[in-house]
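Scroll down for the structure; my scribbles are underneath it.
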Amino acid sequence: MKKVPTEILDCIKENQSFLILVHNKPDGDAIGSAIALGKGLKALGKNVDYYIETPLEDKLQFFSESRYFEDELQDEYDVVAFLDCSTMEYAFKPVPMVDARTTVVIDHHATNQGYGDINFLEITAATAELVFRILDALDVELDPEMVEAVFTGISTDTGSFQFSNVTADTHQILSRLYEKRDNFAVLSKRLHSEKNYAQMKLYGKAVDSLQLYEDNTLAWIFLSYADICKYGGPVQITDDVANIGMNIIGVQLSATVKEVECGIYRVSLRSKTPFKIDVSLIARKYGGGGHMRAAGFTFKGDLKALKKELIELIEYYRKHEEDI
Ligand code: AMP
Ligand code: MN
Ligand code: MN
């Protein structure tokens, strides 16, 4: 197991009260990392609170620890930990913000600039990998829910181990999880295949909206506010909607535009080999962040201009493919 910075371990050992924060619209990695770390800290005798946006999407509503997500907060904590948040702006935070003696950032996004007093930043497949390593270094025994939490984090952020972010380290951690439990078949199905009726219909709307440009190398998917509302709101948009474009043979870049409020769009970008388009650079330009192959941002301007920019970008990459 790779090393964990001693600063992080000392910070945990030396402090007593912790508040755990994750990003807006928390995904499996955000929730899994928060629960594994939170329960791990509790096992070490620490006081832990969470401030996490609810309701969670259906597939993540099975952790009993999430009953604490809406508990009242203290005014002050020894440590406020930001998990899976590439920027501080992207975090879901209490208003007004609580006081923190130390802020800790634990994250795997390449675009993270390290906005904490202590930062544990490494490009792994999931933040849950970093959390697992912290708990391992502190000799915390994982209970069954923590095992599920770490699995949920890694499994969601790797698209069930299909994405290019999976490494030998990821599988080393997985093998440790399998030592604790026979299989993860039911959980995997829940995380990746099953949908409720509204989610399936919304997924269908997204497929229906698909347009292709530039010799079918750019995919553009749009979900209107009206459609999203019709099927229960943004919480019903499943992660795999952002991969619809990527699952079309020949597509190199895909933009999934979700109108989450009237005129406010959450944009998910994805890219795939052989093109070396780093979508996190595009997302950063618009105040977002993410990884080379998966990034996102919130957009309020003219969608036509955004589409034009992506078309020009892919044109450029196709022309200069050899020299990039
Ligand atoms: P998504 O397209 O929402 O699945 O996000 C893809 C990746 O980009 C995830 O790792 C997100 O954490 C990150 N991301 C998405 N939106 C933002 C944002 N507004 N700011 C920073 N990072 C983001
Ligand atoms: Mn996440
Ligand atoms: Mn993540």
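Indexing begins at 1, ligand by ligand and atom by atom, following the structure's order.
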Quiz item: For the Mn ion (ligand 2), what is the closest N, O or S atom on D27?
Solution: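 D27's closest N, O or S atom to the Mn ion (ligand 2) is named OD2.
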Check: [X] N/O within less than 3.5 Å of ligand 1 N/O:
X    : value
H23  : no
S86  : yes
G296 : yes
R270 : yes
A242 : no

Quiz item: Around atom CG of D75, are there more than 12 heavy atoms of other residues, nucleotides or ligands at under 6.0 Å?
Solution: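 No, not enclosed.
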Quiz item: For K307, does the NZ atom have more than 12 heavy-atom neighbours from other residues, nucleotides or ligands under 6.0 Å away?
Solution: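 Enclosed: over 12 neighbouring heavy atoms sit under 6.0 Å from NZ of K307.
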Counting from 1, what ligand 1 atoms have a heavy atom of [X] closer than 4.0 Å?
X    : value
G288 : 18 (C), 19 (N), 20 (N), 21 (C)
F297 : 16 (N), 19 (N)
H291 : 10 (O)
G290 : 8 (O), 13 (C)
S268 : 1 (P), 2 (O), 3 (O)
H109 : 9 (C), 10 (O), 11 (C), 12 (O)

Quiz item: What's the NE2-the Mn ion (ligand 2)-OD2 angle here (H23, D84), rounded to 10 degrees?
Solution: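 It is 80°, given to the nearest 10°.
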Quiz item: Out of I221, T256, V257, which residue meets the side chain to side chain contact (heavy atoms under 4.5 Å, CB included) rule with S268?
Solution: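 Going through I221, T256, V257 one by one, the side chain to side chain contact (heavy atoms under 4.5 Å, CB included) with S268 is satisfied by T256 alone.
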Quiz item: Is there an N/O/S atom in D107 that lies less than 2.8 Å from the Mn ion (ligand 3)?
Solution: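 No N, O or S atom of D107 is closer than 2.8 Å to the Mn ion (ligand 3), so no.
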Exercise. Give a yes/no answer: is there an N/O/S atom of H108 under 2.8 Å from the Mn ion (ligand 3)?
Key: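 Looking at H108, which is the residue asked about, there is an N, O or S atom under 2.8 Å from the Mn ion (ligand 3).
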Quiz item: Ring centres of F151 and F184 under 6.0 Å apart?
Solution: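 When the ring centroids of F151 and F184 are compared, they turn out to be within the sub-6.0 Å range.
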Practice problem: Compute the centroid of each ring, for F69 and then for Y51, and state whether the two points are separated by less than 6.0 Å. | Solution: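 When the ring centroids of F69 and Y51 are compared, they turn out to be at least 6.0 Å apart.
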Quiz item: Between N112 and H108, does any side-chain donor sit less than 3.5 Å from a side-chain acceptor?
Solution: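 Looking only at side-chain atoms, H108 and N112 do not form any donor-acceptor pair under 3.5 Å.
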Quiz item: Going by distance alone, is a donor N or O of one side chain under 3.5 Å from an acceptor N or O of the other, for Y77 and D99?
Solution: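 D99 and Y77 do not have a side-chain donor-acceptor pair below 3.5 Å.
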Quiz item: What protein heavy atom sits nearest atom 7 (C) of ligand 1, and how far off is it?
Solution: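 For this ligand atom, the closest protein heavy atom is A294 O, 3.5 Å.
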Practice problem: Quick one: look up the protein heavy atom nearest atom 13 (C) of ligand 1 and list residue, atom name and how far away it is. | Solution: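 Going atom by atom, the protein heavy atom closest to atom 13 (C) of ligand 1 ends up being G289 O, 3.5 Å.
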Quiz item: Is the shortest distance from a heavy atom of A295 to ligand 1 less than 4.0 Å?
Solution: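 Yes.
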Does NZ or CZ of [X] fall inside the cone over [Y]'s six-membered ring, less than 6.0 Å from its centre and within 45° of the axis?
X    : Y    : value
K230 : Y225 : no
K195 : Y203 : yes
R284 : Y286 : no

Self-check item: Opening angle at the Mn ion (ligand 3) [OD2, D157; OD2, D29; to 10 degrees]
Solution: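 Taking the Mn ion (ligand 3) as the apex, I get 90° for this pair.
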Quiz item: Rounded to the nearest 0.5 Å, how far does CD of E122 lie from CD of E129?
Solution: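 Going from the CD atom of E129 to the CD atom of E122 covers 8.5 Å.
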Quiz item: Is D215 reaching over with its side chain to a backbone N or O of T217, donor-acceptor style, under 3.5 angstrom?
Solution: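 No; zero donor-acceptor contacts below 3.5 Å.
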